[in-house]
Novice: 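Could you have a look at this structure, given as C-alpha cells, before my questions?
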Amino acid sequence: MINESQKEQIWQDCLGDIKVSVSPAIFSTWFSQTYITNLNQKEDRVIVEIGCPSSFVKNTIENRYYGLIQDTLNKITGQKCDVLFEIKAKKENKSQEIALTPLFQEKKEKKDETFLEELKKSRLRPFYTFENFAVSSSNQMAWAACEAVAKNIGSAYNPLFLWGGVGVGKTHLMNAVGYYAKKNDINKNVYFCTGEDFTNDIVEGIRNKTTQKFRNKYRKLDILLIDDIQFIAGKDAVQEEFFHTFNAIVAAGGQIILTSDKPPSEISKLEERLRSRFEAGLIVDIAPPDFELRCAITQIKAKEKNINLEMNIVQTIAANLDSARKIEGFLIRLRSAVEINKYPEITEEIVENLLGKRDQEIEKRKKVSSEDVIEAVCKQYTLKKKQILGNSRVKNFALPRQILMYLLRTELNLPLQEVGRIIGGRDHTTVMHAVEKITKLASESVDIREDITGIKKTLWG
Ligand code: ADP
Ligand code: MG
C-alpha cells in the first residue's frame, strides 16, 4: 500500500518535471494546487487520481495537460498510468514543506525546533551544509573560501563572490556559510535571498513608500547572502539601493556573499561602482564536477534520501550524468521507481534501465528533422508534400498545414521565421496564428488531439 507521504513524493517528483516544461505562470496557475488523492494498482496499470481545487482548473488540466501529466507519471513510476481528475481542494497547502520534511525526519540527529525555525526565518535550507558538501579540485577553492568566511565573518573576504555554471554548488555553499554561522550563534542575523527577491522587495518598498522598512530589514544584517546577483544588473534603482545596503553592512562589520553565473567583469549593465566593490573582495569560480566528485555527490544525495547504493551503482550513475542537478533528479526518479515497483533492492539492471530509457528518448527526439515531420503529417492525412506546402486554402490542406506548423514549432522548437520558411516561405505571423489556432483546437477537439498523437507516434514510436 502506498502511504500519504509516498503519494506526495511521487506527485512532487512529477511536478518537478512538469515545471521545466511549462512556463512559470502556467505552472502556478494550473498545477501548484493539485495533488494525488488516490493511487491504486489495477492489474498492469496504475490509476492515479488528481485532486484539483476547482472545476475550472480541473477542466483546463484535463483538456490541455492530460498527455503531459500521463507521460510524466509513466516516466516517474515506470508503469503505465491512467489519470482521473476530481474536484477536491487540498486542506493545507504545504507542498514545499512536505517535500522536505520526510527526508529530514528520517535523519538520526533531529534538529531542534527553534533552530529550524531560525533557519526558516533566515531562509536557509537545513541540508545545504558543509558536512553535505563534497570537495574536489573543481570546487576546492570555493569551499576553502567559504569555510574561511564562515569562521571569520566580515573579516576574511568581503564580499565573497562565487560564480559558475548551473548546478555546481554555488547556492549550496553559500547556504552552508549561513548555516554554520547560525549554528555557532543563533542570534546572528542572517538572510538568504535571490537577486530577484531583493529586486521585488525594493520595488515593493518604493511602491508602498516603505523603503525605511526595507532598509531596516537589510542594512542591519550580520550576513547577507544574495544568490544570482546578476539579476539586478541594468536596474538602476535596485543597484543604487544595493550599493547602500552593501556599504552599510560592510561598514558595520557584516559579511556579504554573492553568487552569479558570470564573474563581475562579464555581467553587462552592472554599475561600475558595484563592479569595483565586488572585485575588491574575493572572486572564485567553481568548475563542473569531475567523475570522482560526481560519485561523492551521488553518495551524499542517496544517503540523504535513504537510498542504499552499492559502489558499482554509484559509479554507473556518476559516469552517465554530468551534473549534480541531474544526479539529484535521477535519484528522485529512482526512489519513486523503487517504491512503486516494490523492488527489494536496487540492482545495476534497474539503474541502467532507468538511465538508458531516458538517453534513448533524448536520442530519438534529436534525430527527428523537419522533413520527418512533413512526411509524418502527410502520412496522417494522406496528402502529398506538394499539397501541404502549397498555397491552396482548401480545408483539407489548410488544417494539416497548420498542424504541421504547430508541430515544427512546439516539437522541434524551431523559430517562427524558420517554420515559415519551411512551409513554402510564409510570414511568421501566419505561423503564429496557426500555432495559436491548433493549440486551441487541440484542447477542444478529441479528433485533433488524436491526429496529433498519431503523428507523434509515427515520429517517435
Ligand atoms: P548552483 O547554485 O551552482 O546552480 P546548487 O547549489 O543549487 O547549484 O546545487 C545543485 C544541487 O547539487 C544541490 O542539490 C546541491 O546540494 C548539489 N551539489 C552541488 N555540488 C555539490 C557538492 N560538491 N557536494 C554535494 N552536493 C552538491
Ligand atoms: Mg543556485
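Numbering of ligands and ligand atoms starts at 1, following listing order.
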Novice: So for ligand 1, is Ala134 a polar contact partner (N or O within less than 3.5 Å, distance only)?
Specialist: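 Looking only at distances, the answer is yes, because the N/O contact criterion of under 3.5 Å is met.
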Novice: When you check the gap from the basic side-chain N to the acidic O, do Lys326 and Asp322 get nearer than 4.0 Å?
Specialist: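 Yes.
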Novice: Using distance alone, determine whether Val168 and ligand 1 share an N or O pair under 3.5 Å.
Specialist: yes
Novice: For Phe198, run the ring pair (Phe, Tyr, Trp, His ring centres under 6.0 Å) check against Phe214, Phe246, Tyr191 and tell me which one passes.
Specialist: Phe214
Novice: Evaluate Ile300 for polar contact with ligand 1, using N/O atom pairs at a separation under 3.5 Å.
Specialist: no
Novice: Can you find a non-hydrogen atom of Gly164 under 4.0 Å from ligand 1?
Specialist: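 Gly164: no contact with ligand 1 (<4.0 Å).
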Novice: Tell me whether Thr171 has at least one N, O or S atom under 2.8 Å from the Mg ion (ligand 2).
Specialist: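 Coordinating: yes.
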Novice: Look at the aromatic rings of Phe130 and Tyr180 and report parallel, tilted or perpendicular, splitting at 30° and 60°.
Specialist: perpendicular
Novice: Minimum distance, heavy atoms only, to atom 17 (C) of ligand 1: which one of Lys301, Gln299, Glu131 is it?
Specialist: Lys301
Novice: Could you tell me which atoms of ligand 1, counted from 1 in the order shown, lie closer than 4.0 angstrom to a heavy atom of Glu328?
Specialist: 11 (C), 13 (C), 14 (O)
Novice: From the options Gly169, Gly165, Ala296, select the one whose nearest heavy atom is closest to atom 5 (P) of ligand 1.
Specialist: Gly169
Novice: Should you measure from each heavy atom of Asn139, which atoms of ligand 1 turn up under 4.0 Å away?
Specialist: 23 (N)
Novice: What is the nearest protein non-hydrogen atom to atom 10 (C) of ligand 1, stated with its residue, atom name and distance?
Specialist: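 Ranking protein heavy atoms by distance from atom 10 (C) of ligand 1, first comes Arg325 NE, 3.6 Å.
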Novice: Honestly, is Lys235 close enough over Phe231, meaning NZ or CZ under 6.0 Å from the six-membered ring centre and within 45° of the axis?
Specialist: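 Yes.
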Novice: Under 3.5 Å, side chain of Asp13 to main-chain N/O of Ser336, donor-acceptor pair present?
Specialist: no
Novice: Are Lys80 and Asp44 close enough for a salt bridge, meaning some N to O gap below 4.0 Å?
Specialist: no
Novice: Report yes or no: is the cationic atom of Lys7 (NZ for Lys, CZ for Arg) closer than 6.0 Å to the six-membered ring centre of Tyr35, at no more than 45° off its axis?
Specialist: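 Cation-pi check for Lys7 and Tyr35: fails.
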Novice: Regarding atom 15 (C) of ligand 1: of the candidates His172, Lys170, Arg125, which has the closest heavy atom?
Specialist: His172
Novice: For ligand 1, which atoms sit closer than 4.0 Å to a heavy atom of Val166?
Specialist: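 Result: 4 (O).
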Novice: For a ring pair (Phe, Tyr, Trp, His ring centres under 6.0 Å) with His172, tell me which candidate from Phe127, Phe133, Phe192, Trp143 qualifies.
Specialist: Phe133
